[in-house]
2 protein chains.
Amino acid sequence: MRIGELAAQAGLTRDTIRFYEKIGLVTGRRLANGYRDFPPEAVPWLQYVRTAQTLGFSLAEIAQTGEELRNAPDTAEALSALFEEKIKVIDARMAQLATLRAELDARVGTGCPLRAAG
Amino acid sequence: MRIGELAAQAGLTRDTIRFYEKIGLVTGRRLANGYRDFPPEAVPWLQYVRTAQTLGFSLAEIAQTGEELRNAPDTAEALSALFEEKIKVIDARMAQLATLRAELDARVGTGCPLRAAG
DNA sequence: GTAAACAGTGGAGTACTGTCCAAGGTCAAG
DNA sequence: CTTGACCTTGGACAGTACTCCACTGTTTAC
């Protein structure tokens, strides 16, 4: 598919996709006329990128994940290891969120401020 | 306390704290010699800033939270409302993390890639 | 009283993540 | 065969969050 359609389906602008291509976050072939041509899998991939990004991963990290996925040996082991690693990161982040949540929760109703020091 | 001690205790650099002061993220008085003087509460506050930041909040958002905390009427209600609002944001983010986690978890062991489209 | 460690200011520079042109090439419809 | 929608490149600009520097003043330790 061409860049406009990918942009529409992924909810990004064409400029953003060109930027992502420049930093290696997506890759595509070129048509004879020079237009970019992306595979349909680019849509869910870019959606994953969005998600990972809001979870605190930098584009460089996400690009590296994509790279590892492409270069992984075809045994499922490499992929599983990669996923498990990401799951660990997610668990750590969730624990951190839970801590902050508990901290806030404990103060609800007590009027105890978060010491908003000046 | 002076800026160096605050920096050491909060795990930041002096430059970062000066930057934070410039954007209103921390405020302090000045000593007679012009040195900044921060209250001890600045330490936990900056630690909170760090946490909130890793959770995806911009410094501007965090600064506004601090502002709201300072300006809240002294009833506990305003603080509780603010905390509850933050808790909602945290819950939404945790749900998002849980979704991504489940997605990854389902692929561990299956060898099914995340469609790392190029 | 001097050297080291700490503090101040202003401003330049950096990395990341886009966003917006301008000038131009391609293609489908009427 | 022109119009409009789409595509190309290169480069300038923007916002966020620092980071570093030069130059200067202050405090502390010896």
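Labels below follow one simple rule: chain letters A, B, ... track the order of the sequence lines, proteins then strands, and each chain is numbered from 1. What you are looking at is a predicted structure, and each value in this text was computed from that prediction instead of being measured.
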Take the C1' atoms of the five end pairs on each side of the helix from C/dG1-D/dC30 to C/dG30-D/dC1, derive the two axes, and give their angle rounded to 10 degrees.
-> 0°

By side chain to side chain donor-acceptor pair (under 3.5 Å) - contacts of [X] (at least two apart):
X: B/Thr51; value: none
X: B/Arg101; value: A/Asp91
X: A/Arg36; value: A/Glu21
X: A/Arg18; value: A/Asp15

Please report, rounded to the nearest Å, how far the [atom2] atom of [N] is from the [atom1] atom of [X].
X: B/Arg36; N: C/dG8; atom1: CZ; atom2: C1'; result: 7 Å
X: A/Gln64; N: C/dC16; atom1: CD; atom2: P; result: 13 Å
X: B/Ile3; N: C/dC6; atom1: CD1; atom2: C1'; result: 11 Å
X: A/Lys22; N: C/dC16; atom1: NZ; atom2: C1'; result: 12 Å
X: B/Leu59; N: C/dC16; atom1: CG; atom2: P; result: 17 Å
X: B/Phe38; N: C/dA7; atom1: CZ; atom2: P; result: 10 Å
X: A/Ile62; N: C/dC16; atom1: CD1; atom2: P; result: 13 Å

Counting any heavy atom closer than 4.0 Å, what does A/Ile23 reach on the DNA or RNA strands: base, sugar-phosphate only, or nothing?
-> nothing

First and last nucleotide of DNA chain D, 5' to 3', lying under 4.0 Å from heavy atoms of chain B | D/dA17 to D/dT27

Using side chain to side chain contact (heavy atoms under 4.5 Å, CB included) as the criterion, list what pairs up with [X], not counting sequence neighbours.
X: B/Thr54; answer: A/Gln96
X: A/Glu85; answer: A/Leu82
X: B/Tyr35; answer: B/Arg2, B/Leu31, B/Asn33
X: B/Gln64; answer: B/Glu68

Do B/Thr16 and B/Thr13 come within less than 4.5 Å of each other through their side chains, counting heavy atoms only?
-> yes

Listing time: all N or O pairs from protein to nucleotides 23-25 of chain C that are below 3.5 Å?
| unit_1 | atom_1 | unit_2 | atom_2 | d |
| --- | --- | --- | --- | --- |
| C/dG25 | N2 | A/Tyr35 | OH | 2.7 |

Start with the C-alpha distance between A/Tyr48 and B/Leu100, add both sets of side-chain angles, then the distance that settles side chain to side chain contact (heavy atoms under 4.5 Å, CB included), and finish with yes or no.
-> CA-CA 9 Å; A/Tyr48 165 75; B/Leu100 182 64; 3.8 Å; yes

Is there a residue in residues 13-20 of chain B whose heavy atoms reach under 4.0 Å of DNA chain D, and which residues are they?
-> B/Asp15, B/Thr16, B/Phe19, B/Tyr20

